[in-house]
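Below: the structure, in structure tokens.
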Amino acid sequence: MAAQYDIIVIGAGPGGYIAAIRAAQLGLKAAVVEREHMAGICSNWGCIPTKALLRSAEVYGNMTNAGEYGLKADNFDFDIDAIVKRSRGIAGQMNNGVQFLMKKNKVDIIWGEATISAPGEITVAGSKKPVVEPQHPKPKNTLGEGTYKAKNIIIATGARPRVLPGIEPDGDRIWTYFEALKPKTMPKSVAVMGSGAIGIEFASFYRSLGAEVTVIELLPQIMPVEDAEIAGLARKRFEKRGITILTDAKVSKVDKSKAGIVAHVELKDGAKQEIKADVLISAVGVQANSENLGLEKLGVKTDRGVIVVDGHGRTNVKGIWAIGDVAGAPMLAHKAEHEAVIAVETIAGQTVAGLDKAKIPGCTYCEPQVASVGMTEAKAKEAGRDIRVGRFPFVANGKAIALGEPDGMVKTIFDKKTGEMLGAHMVGAEVTELIQGFVVAMNLETTEEELMHTIFPHPTLSETMKESVLDAYGRALNI
Ligand code: FAD
């Protein structure tokens, strides 16, 4: 007799494991199926290990600039193996943490590869993706291959690197984020194809450690989802740091040799350029893991590989839900987690608001950091909104100057008639921590008036947020 659950989640990434925990909190019997690593891409090969690498790069950068702070730091160097070891160790720690959370919440872990064999039923086969890293052990006391029944199945199978035909990663000269997170040796030069968050974070990391870095972006703007003005400021800083940036530039072919790669780049004006580097990091987006799950047989609707869901995670087939990367953009861990909670609470019969994609923040942890929520200036105008825009530079903020971080800006966008905050965009030190202030504000449907009457602590970088709001209404005080 197959085990019977209220909810089975396929995939133990941030979408899947959070769904299982919320289900357990609501008294539902839950299991999570995982084939490779507890905590998913986010903790093992994404959000967390990249931040660990970037932290090493930041500390190294601070040591390099020690003189600016009246300090002496001589004879220091970095050890790429030790940097990678630290990052992998932190990934392992996260992985163990999720195993602990499953145990604490009495969620069964089923180890293997799941397919949905019939409505309300999954079949788990032996994983084709063996655990290879000691930091990522297979959890103890898992259930194994077999058939399992559940009233509701939540698909949270995530995504994998998107591959451009002819420029397939080979793990040697053409890397995806997997190899970029775990280089065997420190490359002297790196070409990065794609300037979204993943590409830019790796560009920033390798440049901080001294590599010659060239970023090649197909669109006219780097970090294409960001506000053009903020992306422009970030670009200037990257270029000042020695990163070469090509926009409106298409990699048409990559030649590989023992010495490295040559990326053949076509520019918008028809000019051609060859970029030589030790390696190419392919960072052209991710592709949803929606294959081999039995979706076609069940008639679950997909669109270019992404499972089509409503704001509560429902697919078109009763009892089958999808959350996280497999359910589409923005492919971010916090979006996956929030969708998980919404889907499970809906399954439990609660009345919950659906996902509001307009209020999902996005952060890039490069140097300088970039963070945003809501509409860009261009999008607000495109939507026909009559807007007010405020800006405040870090150079006019005492804390930024004291930190030695005067390059940065906060930009806020309001509806002129109603005062509704439509978007906030930032570049500079610690803005990935600051943005949440505006996310809360937007979620509470704050107006400019309320923000202007909110007291921000002094001296903090957050004062630039208030000044930006004041500036939108011609009332900035410190500039
Ligand atoms: P995943 O985390 O991908 O988890 C899916 C899980 O399902 C995997 O563990 C997989 O093994 C398992 N699985 C798949 N198919 C099956 C099957 N058939 N049977 C059993 N198990 C299966 N996001 C942020 O918000 N902030 C960041 O800073 C950030 N940085 C990133 C950096 C990099 C380099 C990368 C690659 C991604 C980054 N992301 C970041 C994105 C983030 O990792 C994803 O949005 C997030 O992991 C999605 O969560 P998920 O639960 O949907 O899927």
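Atoms considered below: every heavy atom in the structure, side chains included; atoms not considered: hydrogens, waters and symmetry mates. Just follow the structure's listing: the first ligand is 1, and inside any ligand the first atom is 1.
Under a 4.0 Å criterion applied to the non-hydrogen atoms of Ala159, ligand 1 contributes the atoms 3 (O). Atoms of ligand 1 found under 4.0 Å from any heavy atom of Val33 (numbered from 1 in listed order, with element): 20 (C), 21 (N). Close contacts between ligand 1 and Gly324 involve ligand atoms 52 (O) [criterion: under 4.0 Å to a heavy atom]. When each atom of ligand 1 is checked for a heavy atom of Cys42 under 4.0 Å away, the hits are 2 (O), 43 (O), 47 (O). The ligand atoms of ligand 1 that sit less than 4.0 angstrom from a heavy atom of Gly112 are 19 (N), 20 (C). Listed by atom number, the atoms of ligand 1 under 4.0 Å from Met331 heavy atoms are 41 (C), 45 (O). Heavy-atom proximity to Glu113, at under 4.0 Å, picks out these atoms of ligand 1: 18 (N), 19 (N). The contact set between ligand 1 and Glu36, taken as ligand atoms under 4.0 Å from a residue heavy atom, comprises 11 (O).
At a heavy-atom distance under 4.0 Å, no atom of Ser127 approaches ligand 1. Contacts between Tyr365 and ligand 1 below 4.0 angstrom, taking non-hydrogen atoms only, involve the side chain exclusively. Contacts between Asn44 and ligand 1 below 4.0 angstrom, taking non-hydrogen atoms only, are absent altogether. Residue Lys335 does not touch ligand 1, judged by heavy-atom distances below 4.0 Å. Using a 4.0 Å cut-off between heavy atoms, Thr157 contacts ligand 1 through both its backbone and its side chain. Contacts between Leu293 and ligand 1 below 4.0 angstrom, taking non-hydrogen atoms only, involve the side chain exclusively. Counting heavy atoms closer than 4.0 Å to ligand 1, residue Ile198 contributes side-chain atoms (C-beta onward) but none from N, CA, C or O.
In this structure a side-chain-to-backbone donor-acceptor pair under 3.5 Å is missing from Arg160 to Val286. Judged purely by atom type and a 3.5 angstrom limit, Glu345 has no side-chain atom pairing as donor or acceptor with the backbone of Gln350. In this structure, Ser372 contributes its side chain and Ala424 its backbone to no donor-acceptor pair below 3.5 Å. Not one N or O on the side chain of Arg314 forms a donor-acceptor pair closer than 3.5 Å with the backbone of Ile320. One N or O on the side chain of His312 and one on the backbone of Val352 form a donor-acceptor pair closer than 3.5 Å.
With Ile10 as reference, Ile116 is the one residue of Ile116, Ile110, Val32 to meet the side-chain contact (heavy atoms from CB on, under 4.5 Å) rule.
Note on Asp278 versus Lys188: no salt bridge recorded, every NZ/NE/NH1/NH2 to OD/OE distance being 4.0 Å or above.
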Show the numbers, then the answer: is there a side chain to side chain contact (heavy atoms under 4.5 Å, CB included) between Met421 and Phe438?
CA-CA 9 Å; Met421 187 170 209; Phe438 282 142; 3.3 Å; yes
After noting the C-alpha distance and the side-chain angles of Ile109 and Met38, does the key distance pass the side chain to side chain contact (heavy atoms under 4.5 Å, CB included) rule?
CA-CA 9 Å; Ile109 300 174; Met38 297 304 290; 3.6 Å; yes
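Atom CD1 of Ile245 and atom OG of Ser195 lie 7.5 Å apart (nearest 0.5 Å). With rounding to the nearest 0.5 angstrom, the OG1 atom of Thr50 is 11.0 Å from the OH atom of Tyr177. Considering CE of Met465 and OG1 of Thr412, their distance stands at 9.5 Å, rounded to 0.5 Å. Atom OG of residue Ser189 and atom CD of residue Glu212 lie 7.5 Å apart, to the nearest 0.5 angstrom.
Distances between N or O atoms of Ile323 and those of ligand 1 include no value under 3.5 Å. For ligand 1, the polar-atom distance check against His334 finds a nitrogen or oxygen pair separated by under 3.5 Å. Remark: ligand 1 and Val326 share no N or O pair separated by less than 3.5 Å (distance only, no angle test).
With respect to atom 26 (N) of ligand 1, the closest heavy atom belonging to the protein is Cys47 SG, 3.7 Å. Atom 4 (O) of ligand 1 has as its closest protein heavy atom Gly13 CA, 3.4 Å. Here the heavy atom of the protein found nearest to atom 11 (O) of ligand 1 is Glu34 OE2, 2.6 Å. At the top of the distance list for atom 25 (O) of ligand 1, counting protein heavy atoms only, stands Ala333 N, 2.8 Å. Regarding atom 28 (O) of ligand 1, its nearest protein heavy-atom neighbour is Lys51 NZ, 2.9 Å. Counting only heavy atoms of the protein, atom 2 (O) of ligand 1 lies nearest to Ile41 N, 2.9 Å. The nearest protein atom to atom 13 (N) of ligand 1, hydrogens excluded, is given as Arg35 NE, 3.7 Å; this is a heavy-atom distance. Looking only at heavy atoms of the protein, atom 51 (O) of ligand 1 is closest to Gly15 N, 2.9 Å.
Aromatic ring orientation, Trp45 versus Phe178: perpendicular (interplanar angle above 60°, classes split at 30° and 60°). Relative ring orientation between Tyr206 and Trp175 is described as tilted, the plane-to-plane angle lying within the 30° to 60° band.
By heavy-atom distance, the residue among Asn292, Ile360, Ile116, Asp325 lying nearest atom 45 (O) of ligand 1 is Asp325. Proximity annotation for atom 17 (C) of ligand 1: of Gly16, Ala114, Gly158, Gly11, Ala114 comes nearest, heavy atoms only.
Heavy-atom minimum distance, Lys51 versus Tyr365: CE-CD1, 3.1 Å.
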